[in-house]
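Written out below as structure tokens is the structure these notes cover.
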2 protein chains.
Amino acid sequence: MNIKKIMTPPVRREDVPAALASLGIAVTAQRIEIGAILLESMQHLSAEQVQARLEADGASASKATVYNTLGLFAKKGLVRELVIDGARVFYDSNPSDHFHFYNVDDGTLFDFPSSPVTLTNLPTPPEGTKLDKVDVIVRVTTK
Amino acid sequence: MNIKKIMTPPVRREDVPAALASLGIAVTAQRIEIGAILLESMQHLSAEQVQARLEADGASASKATVYNTLGLFAKKGLVRELVIDGARVFYDSNPSDHFHFYNVDDGTLFDFPSSPVTLTNLPTPPEGTKLDKVDVIVRVTTK
DNA sequence: GTGGCAGTCTAGACAGAGTCTAAATTGACG
DNA sequence: CGTCAATTTAGACTCTGTCTAGACTGCCAC
């Protein structure tokens, strides 16, 4: 049946190469660094934040590599791209289906608690297209 | 009870000033132009597309005015801001609650057909915050 | 080993959406 | 008509993200 076991955070640094390889991502030094940062815990990081963490860890990668790597990880399903506010994209190290709260006033982003939220009566995709993913963002304001 | 009657597209050009005023938006020449474009029909337009339509109509407004006006309209509830792909923001001239399909391959954006889609078991917003709006975007790819 | 090659990485130029600033214009009201 | 606050403007500016051209890396064949 070949059910692929996807590693979800936290993933130890020494397991990152295997996590990449299992998704068909060629392993390189930069990808290990970036993967280790993202997979350390379930979190939402922007490209800029990832690069700052790289520096803080004494590693580094060019801006182009950070963007390319995050895009590759998202394409391969290691992380999930979140478009929240048009100013930047966030990468969510929890790639499974779940929804988000976004506080419009202070920019904070939370996962929904794992309550059984369901979307019912979802229409079928338009003719000639197939479903990719469903994003649900609940915007809240500070009371 | 003071139930406000919100005008929904199509709104005739001569009714635009009243539509603005009813939402507490000061009426100016530029706002009428931009409002007339948006409210002509239910549609999704980017700031750039609005400005192009202005030119096409022989009117014009500076880039800053277009952005300010669209932001003001969104804040007042005349249109709804849609953050879809991080590259630009769209303004939806149908401000009522409804969800969207987005074709990732060609960038087209559709409303859901008006089937009774419902989100159930939506968790309550985090302590100290209150719900602003819920965005549901179903991303599809060309098969 | 060593030559070649594809894939990856890099610096820095570039692109495009959106914001900011300071000055000019408008229009409401006395 | 004069004043004042709100609005509009041009254009500089910021910021995220992309592109380009060259350098580097690692792996395989010989």
Side-chain angles (χ1 to χ4, degrees), chain A residues 16-17 20-21 23-38 44-55 57-76 78-92 104 107 109, chain B residues 16-17 20-21 23-38 44-55 57-76 78-79 81-92 102 104 107 109:
Chain A
V16 170
L20 301 183
L23 292 170
I25 299 169
V27 176
T28 70
Q30 290 84 350
R31 290 174 187 177
I32 293 172
E33 287 296 336
I34 295 172
I37 288 167
L38 283 165
H44 315 103
L45 295 176
S46 66
E48 189 202 12
Q49 290 173 319
V50 168
Q51 197 159 27
R53 288 278 287 276
L54 280 173
E55 313 264 305
D57 292 0
S60 83
S62 69
K63 189 165 61 149
T65 297
V66 173
Y67 279 97
N68 288 343
T69 300
L70 291 171
L72 176 67
F73 284 3
K75 198 178 79 183
K76 295 293 192 173
L78 183 69
V79 300
R80 187 175 168 123
E81 228 170 47
L82 298 179
V83 178
I84 300 290
D85 72 352
R88 78 199 66 61
V89 170
F90 285 96
Y91 293 87
D92 187 341
V104 174
L109 187 58
Chain B
V16 170
L20 300 183
L23 292 170
I25 299 169
V27 176
T28 70
Q30 290 85 346
R31 290 173 185 176
I32 293 172
E33 287 297 336
I34 294 173
I37 288 167
L38 282 164
H44 314 106
L45 295 176
S46 66
E48 189 201 12
Q49 289 173 319
V50 168
Q51 196 160 27
R53 288 278 285 278
L54 280 173
E55 313 266 304
D57 292 0
S60 83
S62 69
K63 188 163 64 146
T65 298
V66 173
Y67 280 96
N68 288 342
T69 301
L70 292 171
L72 176 68
F73 284 3
K75 198 178 78 179
K76 296 292 191 175
L78 182 68
V79 300
E81 228 169 46
L82 298 179
V83 178
I84 299 291
D85 72 351
R88 79 200 64 65
V89 170
F90 286 97
Y91 293 88
D92 187 341
Y102 179 68
V104 174
L109 187 58

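Per chain, numbering begins at 1; letters A, B, ... match sequence-line order.
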Completion exercise
Taken to the nearest whole Å, CG/A/Leu82 to P/D/dG17 is 12 Å
Handout entry: Heavy-atom side-chain contact between B/Ile84 and A/Val83 under 4.5 Å
Key = no
Fill in the blank from the handout: Rounded to whole Å, CG of B/Leu20 lies from P of C/dG27 at a distance of 15 Å
Practice task
Let me know the distance between CG of B/Leu70 and C1' of D/dT7, rounded to the nearest Å.
Solution key: 15 Å
Fill in the blank from the handout: So CZ of B/Arg53 and CD of B/Glu33: to nearest 0.5 Å the spacing works out to 11.5 Å
Could you go over nucleotides 9-13 of chain C and give all protein N or O partners under 3.5 Å, atom names and distances?
{"from": "C/dC9", "atom 1": "OP1", "to": "A/Thr28", "atom 2": "OG1", "distance (Å)": "2.4"}
{"from": "C/dC9", "atom 1": "OP1", "to": "A/Gln30", "atom 2": "OE1", "distance (Å)": "3.1"}
{"from": "C/dC9", "atom 1": "O3'", "to": "A/Gln30", "atom 2": "NE2", "distance (Å)": "2.8"}
{"from": "C/dT10", "atom 1": "OP1", "to": "A/Gln30", "atom 2": "NE2", "distance (Å)": "3.3"}
{"from": "C/dT10", "atom 1": "OP2", "to": "A/Ser62", "atom 2": "N", "distance (Å)": "3.0"}
{"from": "C/dT10", "atom 1": "OP2", "to": "A/Thr65", "atom 2": "OG1", "distance (Å)": "2.8"}

Fill in the blank from the handout: The reported gap from CD in A/Gln51 to OG in A/Ser60 (rounded to nearest 0.5 angstrom) is 8.0 Å
Handout entry: B/Ile25 CD1 - D/dT8 P separation (whole Å)
Key = 11 Å
Problem - Side chains of B/Ile34 and B/Phe73 in contact at under 4.5 Å (non-hydrogen atoms) - result: yes
Problem - B/Asp85 side, atom CG; A/Glu81 side, atom CD - distance, nearest 0.5 Å - result: 9.5 Å
Completion exercise
Between A/Ala47 and B/Ala26, the residue closer to the 5' end of DNA chain D by nearest nucleotide is B/Ala26
Exercise for the section: Let me know the distance between CG of B/Asp85 and P of D/dT16, rounded to the nearest Å. Expected result: 17 Å
Handout entry: A/Leu38 side, atom CG; A/Thr69 side, atom OG1 - distance, nearest 0.5 Å
Key = 10.0 Å
Practice task
Using whole Å, report how far CZ of B/Arg88 lies from P of D/dT16.
Solution key: 18 Å
Practice task
Respond yes when some side-chain nitrogen or oxygen of A/Tyr67 is under 4.0 Å from OP1 or OP2 of D/dG17, and no when none is.
Solution key: yes
